[in-house]
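Working notes, beginning with the structure itself.
Just so it is clear: chains get the letters A, B, ... in the order the sequence lines come, proteins before strands, and each one is counted from 1.
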Amino acid sequence: MTDTAPAIELKGISKSFGPVQANKDISIRVMPGTIHGIIGENGAGKSTLMSILYGFYSADAGEIWVKGEKTVIPDSQAAIRAGIGMVFQHFKLVQNFTVLENVILGAEDGGLLKPSLSKARGVLKQLAEEYELSVDPDTQVQHLSVGHQQRVEILKALYRQADILILDEPTGVLTPAEADHLFRILDNLRAEGKTIILITHKLREIMEITDTVSVMRRGEMTATVKTAETSPEELAELMVGRKVLLRVDKAPAKPKEALLEIENLRHLDGQGVEKLRNISLEVRAGEIVGLAGVAGNGQSELLNVLGGYADATGTVRVNGREIPLSGRGCDGMARRAAGIGHVPEDRQREGLIMPYSAWENTVFGYHHGPETGSGLLMDNAAIRKEAAAKMERFDVRPPDPSLAAKNFSGGNQQKIVLAREIERNPDVLLIGQPTRGVDIGAIEFIHEQIVRLRDMGKAILLVSVELDEIFALSDRIAVMFDGRIMGVRDAGETDQRELGLLMAGITEDPGGDAYEAVDAAMDQKDHREAARHG
Amino acid sequence: MDRMPAWADAVLVPLISLLLAALLSALVILGIGENPIEALKLMVEGALLRSAGWGYTLYYATNFIFTGLAVSVAFHAKLFNIGGEGQAMIGGLGVALVCLYLPWPHWSLALVAASVAAALFGAVWAFIPAYLQAKRGSHIVITTIMFNFIAAALLNYLLVNVMKPEGQQDPATAIFPAATHLPTFQDMFATEAMPLFRGSPGNVTFFLAIAACLVVWALIWRTRLGYEIRALGHSESAARYAGISPVRTIVIAMLISGALAGLMGVNTAMGEAERLVMNATEGAGFIGIAVALMGRNHPIGVFLAAILFGFLYQGGAELALWTNIPRELIVVIQALVILFTGALDNMVRMPLERVFAARRRAARKTPAE
């Protein structure tokens with residue numbers, strides 16, 4: 001392998017945004033025909049590096065070599081000409097175009113569409129057979145499941161004859177079976193001699209599929225190792241810079257009476273589409289119920305309804321008392337008064353007011369309580385003092401209550417939200433994506449706090465798209481698909497495979513490789529979706 | 001991290017913008033063949049060096065404080081209230097009704113009642129656009145602008161057809177009864193030996209405006225309502241999560257905003273004209289936008305910016321009186337100030353930020369030896 005030129009070689013790439021240095025003197029060699037993983041925490045500079053490679057940013061210093069030739073990539077057109085294709089985390093597809101139209105967009109030959117479309121149809125058919133990349137070419141993208149949309153992105157790159165493919169966090173939105181399928185596609189591509197760069201923060205994926213892995217931390221490339229010669233523990237340490245515990249220590253749950261009872265919950269979104277279909281679920285004191293599922297299957301809506309800012313029909317009881325699901329008395333403050341704490345999925349859009357100082361945020365949603373002052377006025381000095389104590393207890397860094405929320409790192413922002421919600425001692429705690437965008441060091445701490453609250457006899461409903469997190473924390477696991485709960489399992493009596501199938505809406509294990517069954521289920525969902533919109 | 005020290009953000013940026021505007025204005029004055037230094041001297045003399053000049057400057061500033069505060073309060077909820085003009089007109093109507101049709105033994109009682117009426121009328125005028133925005137999503141900029149026209153038309157109708165005393169030529173109400181006349185600065189501070197503020201319209205309402213600054217400051221930064229208004233302004237999704245009702249908060253913020261704009265009517269109708277005339281607002285509702293922008297939506301900033309614009313108004317009037325510089329040029333100078341302090345804010349801010357960032361970097365590289 002040493003005598004062939006690397007498919008991609010970056011030499012001394014540096015890039016800063018104002019005072020922030022996103023990439024510091026990064027050098028990397030990606031050999032052709034391999035899958036090269038780039039792993040690192042959020043903000044480590046992975047995406048910046050790939051954006052430089054794809055021509056979105058220009059590096060302040062350094063060189064890019066493609067297939068042994070020094071190349072300048074001023075824009076994405078140049079990257080495509082150099083044979084580089086990129087599959088973004090957030091897809092760049094035109095929602096009301098068909099698959100075929102999306103594929104030729106920007107790569108049409110001549111002024112008339114017809115010849116391009118028929119050519120693309122042929123190429124797509126061939127690619128589908130070659131790499132198990134089948135998607136109905138005439139369906140509008142908006143009706144496709146996320147996994148299928150991702151395939152369209154890959155097809156787009158291949159149609160443009162990319163032989164170097166960059167995938168940015170590709171499995172974040174997939175069920176485990178879909179992720180497996182994606183990896184098989186990547187395997188096929190590698191066998192055909194294509195080069196793949198896989199950006200992820202999931203250690204398991206790196207171990208499963210890559211040949212070589214590069215670790216980034218705080219803008220620097222800390223190591224490049226052969227995957228076969230490393231371990232998840234070593235990679236985690238390289239990512240964080242210290243030893244980390246990859247699992248959660250917790251005793252078996254001792255559940256008592258039900259604190260949160262949900263019966264026949266239904267919710268329609270603004271367009272009148274049913275997002276929650278007859279949900280029934282129970283969370284008992286002293287247990288963590290994990291809600292697994294691919295993003296967009298109704299978990300967010302369930303949290304919004306329980307949190308008091310989306311209307312629904314049905315019955316919800318907290319501590320035996322029924323709470324209103326619409327109209328008066330259905331808002332976040334009433335929910336808090338009823339004993340529900342809520343760590344929302346998106347702390348930046350919901351959980352925090354970003355320009356507010358930390359101390360102002362520690363009473364957000366509780367700002368009418370007696371401890372924030374009497375009458376119309378707020379007792380800012382008292383709130384600030386209490387905030388400082390809370391930040392101390394939750395290890396928020398820096399422990400400065402006057403600093404604006406936007407100036408804390410993701411993990412510390414999350415700790416501020418957790419401190420606020422947990423310290424009120426709620427009977428029921430809703431937690432959405434507790435560790436999304438949170439550095440590994442803080443993940444440990446956050447998981448400990450959640451388990452501690454459980455052991456205090458509280459009921460915890462955990463929503464996460466990270467199946468590993470669901471497994472690590474939950475005592476029981478409920479799986480959502482298409483607005484329904486497909487099943488509830490004891491965490492000790494289920495496995496990735498069963499949950500993965502439930503996440504695709506399959507309750508009967510088809511046996512053998514599950515790819516086809518999952519694919520068929522997703523196809524069905526696509527068609528239902530298309531039919532629903534006429 | 002914050003890029004600039006707070007003092008630079010609050011003082012340096014507006015100051016430099018102001019200097020740039022002054023420089024450009026000087027060029028314009030030079031261009032029409034007048035001496036800019038002389039012009040500045042005249043403005044300062046006319047507006048600041050004589051007590052009567054101060055009387056005018058503070059009279060105008062009082063108007064701008066009210067409308068500036070009105071814009072600021074709404075802006076904290078991310079609402080752009082351009083309707084200060086109309087709300088102030090209707091506020092003046094409230095003042096006129098109270099002064100003309102109720103008997104008052106003493107001006108102080110009349111002032112309290114007229115203030116309540118002005119605030120109430122202004123708030124009512126702001127309520128409809130607020131409700132439409134909160135419930136139906138009709139854009140507040142569009143509706144408040146339209147309400148300015150409606151207010152002007154309504155006032156026109158009332159003054160010409162209803163409230164004008166018989167036999168009077170100009171569209172205005174009768175003079176308010178003497179018991180409702182507010183003490184001017186001259187009444188309050190002039191003595192035999194020191195005839196201060198002679199003939200100038202500055203009056204006790206100025207102190208009402210200062211009180212309004214204090215109340216708005218406490219409202220925004222010390223009350224739960226202010227906390228909710230600012231929270232909604234920063235993030236509606238977060239407000240919903242917390243249980244803050246966007247509809248309720250939008251309506252309340254606009255009611256307060258309208259009330260503040262309405263209070264301006266006390267100054268113009270009761271303090272100066274002592275009757276309600278057409279077009280008493282003279283565009284102060286719009287100047288309020290510039291005042292709020294320049295004052296960073298903070299009552300202290302609004303107060304200072306209002307004094308500055310009061311100076312420009314009064315100094316401008318002096319220029320028109322004593323030189324060949326036409327009145328329109330004064331508007332140009334005011335526009336330049338607005339342009340630099342409001343619209344071109346980043347032109348000054350960004351280079352300054354860079355300077356401060358460079359200084360910080362230099363400080364970090366050379367630690368104390």
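- Taking chain B as the reference chain and counting heavy-atom pairs below 4.5 Å, the highest number among A:Asp331, A:Leu376, A:Asn304 is found for A:Leu376.
- Neither the backbone nor the side chain of A:Arg335 comes within contact range of chain B, judged by heavy atoms closer than 4.5 Å.
- In this structure, chain A has heavy atoms under 4.5 Å from both the backbone and the side chain of B:Ile244.
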Apply side-chain contact (heavy atoms from CB on, under 4.5 Å) to B:Glu236 and A:Arg349, showing your working. CA-CA 9 Å; B:Glu236 185 171 334; A:Arg349 280 190 67 246; over 6 Å; no
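- The number of heavy atoms from other shown groups lying within 6.0 Å of CZ (B:Phe75) does not exceed 12.
- With respect to B:Arg240 and A:Glu350, no salt bridge is recorded, no charged nitrogen being found less than 4.0 Å from a carboxylate O.
- Atom CG of B:Leu109 is surrounded by more than 12 heavy atoms from other residues, nucleotides or ligands within 6.0 Å.
- Here the side chain of B:Ser235 pairs no donor or acceptor atom with the backbone of A:Ile353 at under 3.5 angstrom.
- A:Thr372 and B:Arg224 form a side-chain donor-acceptor contact under 3.5 Å, judged by distance and modelled atom types alone.
- Most heavy-atom pairs under 4.5 Å with chain B, from the set A:Gly308, A:Pro355, A:Cys330: that is A:Pro355.
- Between A:Phe364 and B:Ala242, the shortest heavy-atom distance links the atoms CZ-CB, 3.5 Å.
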Please walk me through it: do B:Arg222 and A:Asn380 pass side-chain contact (heavy atoms from CB on, under 4.5 Å)? CA-CA 7 Å; B:Arg222 285 294 177 271; A:Asn380 291 354; 2.9 Å; yes
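- Ranking A:Gln348, A:His367, A:Arg347 against chain B, the residue ahead of the rest is A:His367, based on heavy-atom pairs under 4.5 Å.
- The aromatic rings of B:His234 and A:Tyr356 stand perpendicular to each other, their planes meeting at an angle above 60°, with 30° marking the opposite boundary.
- Between atom CH2 of residue B:Trp221 and atom CE of residue A:Met378 there is a gap of 14.5 Å, rounded to the nearest 0.5 Å.
- For the options A:Ala310, A:Gly373, A:Gly307, heavy-atom pairs under 4.5 Å to chain B are most numerous at A:Gly373.
- If you measure heavy-atom distances from B:Arg230 to chain A, the contacts under 4.5 Å come from both the backbone and the side chain.
- Closest approach of B:Tyr241 and A:Arg420 over heavy atoms only: OH-NH2, 3.0 Å.
- A 6.0 Å sphere centred on CE of B:Met347 holds more than 12 heavy atoms belonging to other residues, nucleotides or ligands.
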